[in-house]
Amino acid sequence: MKRFFKRLWHWFDDRAGISVLLKPLIDHPVPPRGLWTYVFGSATLFMFTVQVVTGVALSLLYQPSSTTAYHSLEFITYQAKFGNALRSIHFYGASAMIIMVGVHMIQTYITASYKYPREMNWISGVFLLIFTIFMGFTGQLLRWDSNGVWSSVVAAQQLGRVPFIGTYLARLLLGGDTIGGQSLTRFFSYHVFIVPAFIFIFIGLHLWLVFRHGISELPKAGRLVDPKTYRKWYEDFLKKYSVPFWPHAAWRDVLFSSIIVILIILFAWLKGAPPLTDSPSLTSIHTSPAPDWYMVLFFALFALMPHKVESIAMTIGPLLTVIILFCIPFLSNRGERSPIRRPWAMFGVICVLVFVISLLLLGLKHPWSADFDAKPLTVAVARPGGIGATDSTVSRGVQLFYNKGCEYCHTINTYGGKAGPDLSTVGNRLTTQALVIRIVNGGGNMPAYGGILSTKDLQTLASFLSTQK
Amino acid sequence: MNTNDDIELKLKQEADEANIGRAEFITRVSLSIAAISAAVMAVPVVAALVAPLLERNRTFWRTVGHIDDFPVGTTRLVNFDNADAEQYAGMLTRSAAWLRHNEDQTFTAFAVNCTHLGCPVRWEEKAQLFMCPCHGGVYYKDGTVAAGPPPKRLPEYKVRINNQEIQLETAPLPITNI
Ligand code: FES
């Protein structure tokens, strides 16, 4: 029996040519040391596979139509057997893929593996990074809840800032003048056909290049890359020291990716997909669109950038980033690869990491948004202890503080928003007169209330605030 | 014999040359045919991709309410059908605007979209301010910027009054350019 199957396989393999095709890939020699550092690239590929499989499964349940998409999402989330699990896995798969792409890229930069002759590996990788981010964003729109709809408005606005052709780009994105019947079908096509097609092509290219130039060896301080001799050196190096990809590198890749997959399942199980927000409508405006965590970075950036330069930075910023990324292998494609000998490059990596992570953390809290759900301040909470403030001033002041919108941005004794300074002890810092001036003129991120408050209300509010000590 | 061989060789060479010439020619022809047919076929494909740019943007006047429903000094949310209000757009056929009955009896219709990044601003009646939920943008009741990142005042729709009915003219989603 065993012999029969063996012969069957031999016949099949001979006629189909499986091992002729795959053997060189499986056996190709890789450097023996540092194999754990290579797991991030393969993990990205694994994640992409997870996304394709779960995405195809979701497409069995999803309806790409403006009218019904939201209902089909409700169906997936609340009714379909394992529907919510599927959605969750697709969501955390996307998150993991974005993280893996990032880590893979940073690791490549730290070990300067983009240097000769692997420049194209890096460049195709940058393309894949862009596609991945685009997939993350369009995927979020496909939920087509109020968050998805308003996020696409935000995206259109960002495109609008591109000089000269901004409005056309925005129109192209939305599929018309406004969000309408064609918007969702376009996002669907981008997310499901067009961009994945490019991803397949570029992954093919990327892998082919890994195979062609070989996996880069771990850098060693003092061992310089010289385009004239490198290939020869690498060949000799492999002849002396290499191990075959299978199983030496492969088992690490498989193990690491499996751990990530298990984490995804755990997250999906314990945390679930982001909840659906309201049904999609441009007329229900009481919504606070906020992106998924991996987009929060941009969200934070747009809130914190100096407003004057922001419109320009919105196009220049991404453009510059992409250009710099593309240029990296050409700025230095030879010489030292060891991170110890490239202190400025490492400093740059740390700066980027600190920047990205702090923006992420800030973005998740988004303290700059007014808190429209703030609980109205009460006299009891405001704890009047001030001198000369009559009771009526306080009770009226408390009302004004909430009604006039102060409380959306300012906190008094934990009641209120975080956009503006905490006013719990403002009485210690500012006199009533100074408060009046401040309220009348506003400034920075505060509206001028001069034309909004009556003189009496203004006085009351200021004297109330001065009791807060 | 010798000469015969020579002649044969020569003939053969000539034939080869002709063949090469012909093969090249035929290859060129077939590649050209392929290129032309592919180009023709690409027209509708590209057209589908850029369709939104090819359509003319039309505008319509939409009635949003009766004059008496909007006392002087109030700002209220009104809904209207978009210009391209296809059935299959579902709930998204309609857009909203903030209609203000100004003290001088005129009407102003503000877009709900913040000029910063398009989030829907809400009218806070008691504070007399439009506030944006996204990055802290605030506008005064006349649409001018009060605070935060918005680079411009709130965009407006054209408004007219027709037989006591208030009508506004549809417009594209307001996009802020630099
Ligand atoms: S969208 Fe309104 S402040 Fe950013």
Side-chain angles (χ1 to χ4, degrees), chain A residues 65-68 149-150 153-154 156-161 163 166-168 170-172 174-183 279-283 285-290 299 302-303 305 307 310-312 315 368-370 372 403-406 408-409 419 442 444-448 451-452, chain B residues 49-53 55 57-59 77 79-80 82-96 98 112-122 124 126-129 131-136 138-141 145-151 170-178:
Chain A
S65 133
S66 229
T67 332
T68 51
V149 169
W150 285 103
V153 174
V154 171
Q157 282 285 358
Q158 278 166 38
L159 281 177
R161 298 299 208 287
T167 309
Y168 297 109
R171 204 180 143 88
L172 205 53
L174 298 182
D177 270 347
T178 46
I179 301 243
Q182 296 192 42
S183 314
S279 54
S281 163
L282 295 169
T283 54
I285 55 148
H286 281 265
T287 167
S288 313
F299 185 55
F302 292 144
M305 234 188 294
H307 310 327
E310 187 170 32
S311 281
I312 298 167
T315 32
W368 50 80
S369 304
F372 295 111
N403 286 344
K404 297 299 174 184
C406 314
Y408 295 148
C409 299
N445 284 330
M446 175 172 162
I452 296 169
Chain B
L49 206 59
V50 299
L53 299 183
E55 284 154 22
N57 20 354
R58 295 164 303 165
T59 55
L77 194 68
N79 293 343
F80 59 94
N82 291 327
D84 47 358
E86 286 109 346
Q87 269 301 308
Y88 58 83
M91 293 167 88
L92 294 168
T93 47
R94 288 175 83 70
S95 284
W98 288 111
V112 294
N113 302 94
C114 182
T115 56
H116 178 228
L117 284 174
C119 289
V121 296
R122 35 186 111 183
E124 292 292 327
K126 289 186 184 133
Q128 296 280 299
L129 293 167
M131 292 194 172
C132 178
C134 285
H135 317 96
V138 186
Y139 304 81
Y140 294 115
K141 64 181 175 189
V145 178
T170 62
L173 183 82
I175 299 285
T176 309
N177 301 114
I178 346 184

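Only a predicted model underlies this, so the values are computations on that prediction, with no experimental measurement involved. To find a chain, count down the sequence lines: A is the first, B the second, and so on, and within it residues start at 1.
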Participant: Just so I understand: if I count every heavy-atom pair under 4.5 Å between each of B:Pro120, B:Gly118, B:Ala127, B:Ala83 and chain A, which residue has the most?
Facilitator: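 The answer is B:Pro120.
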Participant: Which bit of B:Tyr139 is near chain A, if near means a heavy-atom gap under 4.5 Å: side chain, backbone, both or neither?
Facilitator: neither
Participant: Using a cut-off of 6.0 Å, state whether more than 12 heavy atoms not belonging to A:Tyr168 lie near its atom OH.
Facilitator: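 Atom OH in A:Tyr168 is not packed in, count stays at 12 or less.
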Participant: In terms of heavy-atom proximity below 4.5 Å to chain B, should A:Phe302 be classed as side chain, backbone, both, or neither?
Facilitator: both
Participant: Taking side chain as everything from C-beta outward and backbone as N, CA, C, O, which of these in B:Leu53 sits under 4.5 Å from a heavy atom of chain A? Side chain, backbone, both or neither.
Facilitator: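 Both parts, backbone and side chain.
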Participant: So which residue, B:Ala171, B:Gly136, B:Pro174, B:Gly148, ends up with the most heavy-atom pairs under 4.5 Å with chain A?
Facilitator: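 That would be B:Gly148.
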Participant: Of the non-hydrogen atoms in B:Pro150 and B:His116, which two are nearest, and what is the gap between them?
Facilitator: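 Distance-wise, the nearest heavy atoms are CA-CB, 3.9 Å.
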Participant: If I compare all heavy atoms of A:Ser281 with all of B:Met91, which pair ends up nearest, and what's the gap?
Facilitator: CB-CE, 3.9 Å
Participant: Measure the CE-SG distance between A:Met446 and A:Cys406 for me, rounded to the nearest 0.5 Å.
Facilitator: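 Taking CE in A:Met446 and SG in A:Cys406, the distance rounds to 6.5 Å.
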Participant: Is it true that a side-chain atom of A:Ser369 and a backbone atom of B:His135 form a donor plus acceptor pair closer than 3.5 Å?
Facilitator: no
Participant: Evaluate whether the separation between SG of B:Cys132 and SG of B:Cys114 stays below 2.5 angstrom.
Facilitator: no
Participant: Answer with side chain, backbone, both or neither: which region of B:Glu124 has an atom nearer than 4.5 Å to a non-hydrogen atom of chain A?
Facilitator: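 Only the side chain of B:Glu124 comes within 4.5 Å of chain A.
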Participant: Considering only heavy atoms, which portion of A:Ile179 lies under 4.5 Å from any heavy atom of chain B: side chain, backbone, both, or neither?
Facilitator: both
Participant: As an exercise: rank A:Thr283, A:Val154, A:Asn445, A:Val149 by heavy-atom pairs under 4.5 Å with chain B and give me the winner.
Facilitator: A:Thr283
Participant: Are a donor atom and an acceptor atom from the side chains of A:Ser311 and A:Arg161 found within less than 3.5 Å of each other?
Facilitator: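 Their side chains do contain a donor-acceptor pair, which is all the 3.5 Å distance test asks for.
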Participant: Below 4.5 Å from any heavy atom of chain B, which atoms of A:Tyr408 appear? Answer side chain, backbone, both or neither.
Facilitator: side chain
Participant: Given a strict heavy-atom distance threshold of 4.5 Å, which part of B:Val121 is in contact with chain A: side chain, backbone, both, or neither?
Facilitator: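 Backbone only.
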Participant: Between A:Pro289, A:Gly405, A:Ala370, which has the largest tally of heavy atom pairs under 4.5 Å with chain B?
Facilitator: A:Pro289
Participant: By a 4.5 Å heavy-atom criterion (distance strictly below it), what part of A:Ala448 contacts chain B: side chain, backbone, both, or neither?
Facilitator: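 Both parts, heavy atoms under 4.5 Å.
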Participant: For each of A:Thr68, A:Leu159, A:Thr167, A:Leu174, tally heavy-atom pairs with chain B at distances under 4.5 Å, and name the one with the top tally.
Facilitator: A:Thr167
Participant: Side chain of A:Gln157, backbone of A:Ala170: donor and acceptor closer than 3.5 Å?
Facilitator: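 Side chain of A:Gln157 to backbone of A:Ala170, a donor-acceptor pair under 3.5 Å: no, none is there.
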Participant: Picking from B:Ala51, B:Cys119, B:Ala146, B:Pro149, which has the most non-hydrogen pairs under 4.5 angstrom with chain A?
Facilitator: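 Heavy-atom pairs under 4.5 Å are most numerous for B:Pro149.
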Participant: Based on non-hydrogen pairs under 4.5 Å, which of A:Ala419, A:Gly451, A:Ala290, A:Gly175 is most in contact with chain B?
Facilitator: A:Gly175
Participant: Give a yes or no answer on whether the side chain of B:Asn82 reaches the backbone of B:Leu92 with a donor-acceptor pair at less than 3.5 Å.
Facilitator: yes
Participant: Does any N or O in the side chain of B:Thr176 come within less than 3.5 Å of the main-chain N or O of B:Thr115, such that one atom is a donor and the other an acceptor?
Facilitator: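 The answer is yes, because a donor-acceptor pair under 3.5 Å joins these two groups.
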Participant: When heavy-atom pairs shorter than 4.5 Å are enumerated against chain B, which of A:Asn403, A:Thr315, A:Thr287 gives the highest number?
Facilitator: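 It is A:Asn403.
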Participant: For each of A:Met305, A:His307, A:His286, tally heavy-atom pairs with chain B at distances under 4.5 Å, and name the one with the top tally.
Facilitator: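 Highest number of heavy-atom pairs under 4.5 Å: A:His307.
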Participant: For residues B:Ala96 and A:Leu282, report the shortest heavy-atom separation together with the two atoms involved.
Facilitator: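 Closest approach of B:Ala96 to A:Leu282: CB-O, 3.8 Å.
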Participant: Given a strict heavy-atom distance threshold of 4.5 Å, which part of A:Gln158 is in contact with chain B: side chain, backbone, both, or neither?
Facilitator: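 Contact with chain B involves both backbone and side-chain atoms of A:Gln158.
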